[in-house]
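Here's the structure we're looking at; comments come further down.
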Protein chains: 2
Amino acid sequence: MTNSDFDLRDFTPYLLNMAAEASSEAFQPNYKGKYGMLRTEWRVVFHLGRYGPMTAKEICERARVHKTKVSRAVAALEKKWFLKRDALPDDRRLEKLSLTAKGRAAFRDLYDAARAFDDHLMAQFTPEQQAMLRDCLIQIAKL
Amino acid sequence: MTNSDFDLRDFTPYLLNMAAEASSEAFQPNYKGKYGMLRTEWRVVFHLGRYGPMTAKEICERARVHKTKVSRAVAALEKKWFLKRDALPDDRRLEKLSLTAKGRAAFRDLYDAARAFDDHLMAQFTPEQQAMLRDCLIQIAKL
DNA sequence: GCTTGTTAGTTACATTTTCAACCAATATTT
DNA sequence: AAATATTGGTTGAAAATGTAACTAACAAGC
């Protein structure tokens with residue numbers, strides 16, 4: 001039978017979820033508190049700000065978010081004037097999404113906050129730990 | 001200004017979320033597909049099976065889940081006959097929750113599946129990586 | 001041309017999660 | 001003892017997510 005030395009702390013998906021939740025919650029005030037954004041909205045802003053204008057489809061693929069979530073995030077961001085849509089003449093199904101001035105300002109702020117947050121979070125680990133943690137997570141996430 | 005070498009892959013909360021999502025989704029068929037359980041229900045079953053009967057309050061604290069989620073998970077598990085409630089004579093607000101025979105059988109199955117899943121997930125890493133990953137996650141999760 | 005199939009994106013509906021208010025039992029204060 | 005506060009747990013409404021069906025634009029086959 002199962003010898004009972006296997007604990008919740010030994011179940012990696014559980015640990016990953018707890019760590020993800022803790023770190024996400026700690027960063028949340030930056031986009032939620034300051035800009036009233038949801039997590040998916042912040043991810044969309046990140047993608048547009050970091051990689052330039054693109055279509056919703058591209059965001060779905062790069063951010064690995066389902067299209068309905070992206071659709072709603074884009075609608076919300078548009079309503080709050082963080083981004084704008086431009087029709088693409090060659091294919092009228094597509095829309096080029098890009099940040100407005102307000103969106104770019106928010107992105108810069110959040111981008112810096114994210115970097116600072118990460119620096120602080122990782123400061124508790126040695127460089128070897130940091131590199132190994134990153135590698136393991138990327139591998140588990142199949143990125 | 002921000003020199004743009006900071007990528008999404010360098011933002012640890014993002015990596016943690018992607019890894020947590022990927023691993024949780026991969027394990028999900030075990031409790032969802034086979035037993036029709038939600039994630040919180042599986043966690044409740046795990047706690048009762050692994051640590052013995054306890055009250056909802058104790059599950060909240062140990063599993064770090066909000067009481068409304070536990071309350072609903074317990075109600076669902078009771079309806080499906082995975083657990084039963086017993087009044088505690090000294091404090092009638094409390095109920096001792098414990099697994100039924102059906103609940104214990106499901107727990108044993110899921111417990112073994114969890115262990116096997118974890119073994120397989122971690123097999124791609126060296127023992128040093130495994131230990132370091134575990135330590136880092138526990139620290140980030142503040143467990 | 002017309003039919004069929006695909007693709008980008010939205011919308012409607014069901015399920016889950018979250019937040020606050022709530023109830024009943026116990027504990028505390030006076 | 002009576003009044004108040006606290007605690008364990010539930011419930012209802014609002015917010016968010018997931019799933020599937022849908023629309024409109026394009027593409028391919030005939």
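All of these numbers come straight from a predicted model, not from anything done at the bench. Each chain gets a letter, A, B and so on, in the order the sequences are listed, and its residues count up from 1.
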(request) Take atom CD1 of B:Ile59 and atom P of D:dG9, then tell me their distance rounded to the nearest Å. (result) 9 Å

(message) For the residue pair B:Lys96 / B:Thr55, report whether a side-chain donor-acceptor contact shorter than 3.5 Å exists.
(response) no

(message) With a cut-off of less than 4.0 Å, is there a side-chain N or O of B:Thr68 near OP1 or OP2 of C:dT18?
(response) no

(message) So B:Tyr14 and A:Phe46, do their side chains get closer than 4.5 Å, heavy atoms only?
(response) no

(message) Which is more 5' along DNA chain D, the nucleotide nearest A:Leu88 or the one nearest A:Lys67? Just name the residue.
(response) A:Lys67

(request) Figure out the CH2/C1' separation between A:Trp42 and D:dA16, and round it to whole Å. (result) 20 Å

(message) With a 4.0 Å limit, can you tell me whether A:Arg39 has a side-chain N or O closer than that to the phosphate oxygens OP1/OP2 of D:dA15?
(response) no

(message) Would you say that A:Gln124 contacts B:Gln139 through its side chain, given a criterion of any heavy-atom pair below 4.5 Å between the two side chains?
(response) yes

(request) Report yes if a side-chain nitrogen or oxygen of A:Lys57 is closer than 4.0 Å to either non-bridging phosphate oxygen (OP1 or OP2) of C:dA8; otherwise report no. (result) yes

(message) If the threshold is 4.0 Å, N to carboxylate O, is there a salt bridge linking A:Glu61 and A:Lys57?
(response) yes

(message) Is the phosphate of C:dT16 approached by B:Lys69 (side-chain N or O, under 4.0 Å from OP1 or OP2)?
(response) no

(request) Could you check B:Val74 against A:Lys32 and say which one's nearest nucleotide on DNA chain D is further toward the 5' end? (result) B:Val74

(request) Measure the distance from NE2 on B:His66 to P on C:dT17 and round it to the nearest whole Å. (result) 13 Å

(request) Whole angstrom is fine here: how far is it from CG in B:Asp91 over to C1' in C:dA27? (result) 10 Å

(message) Assess, by modelled atom type and distance only, whether the side chains of A:Tyr35 and A:Asp109 contain a donor and an acceptor separated by less than 3.5 Å.
(response) yes

(message) Regarding D:dG9, can its base be found pairing with the side chain of B:Arg72 as donor and acceptor, where the two atoms are less than 3.5 Å apart?
(response) no

(request) Figure out the CD/P separation between B:Gln28 and C:dT15, and round it to whole Å. (result) 16 Å

(request) Measure from CG on B:Asp90 to C1' on D:dG8 and round the result to the nearest Å. (result) 14 Å

(message) On the nucleotide C:dT10, are OP1 or OP2 found under 4.0 Å from the side-chain N or O atoms that A:Ser71 carries?
(response) yes

(message) With a 3.5 Å cut-off and heavy atoms only, can you find an N or O donor on one side and an acceptor on the other between the side chain of B:Arg93 and the base of C:dT26?
(response) no

(message) Distance check needed: D:dT17 P versus A:Arg64 CZ, whole Å only.
(response) 19 Å

(request) Take atom CG of A:Leu38 and atom C1' of C:dT16, then tell me their distance rounded to the nearest Å. (result) 15 Å

(request) Check whether any side-chain nitrogen or oxygen of B:Arg92 sits under 4.0 Å from OP1 or OP2 of C:dT26, and answer yes or no. (result) yes

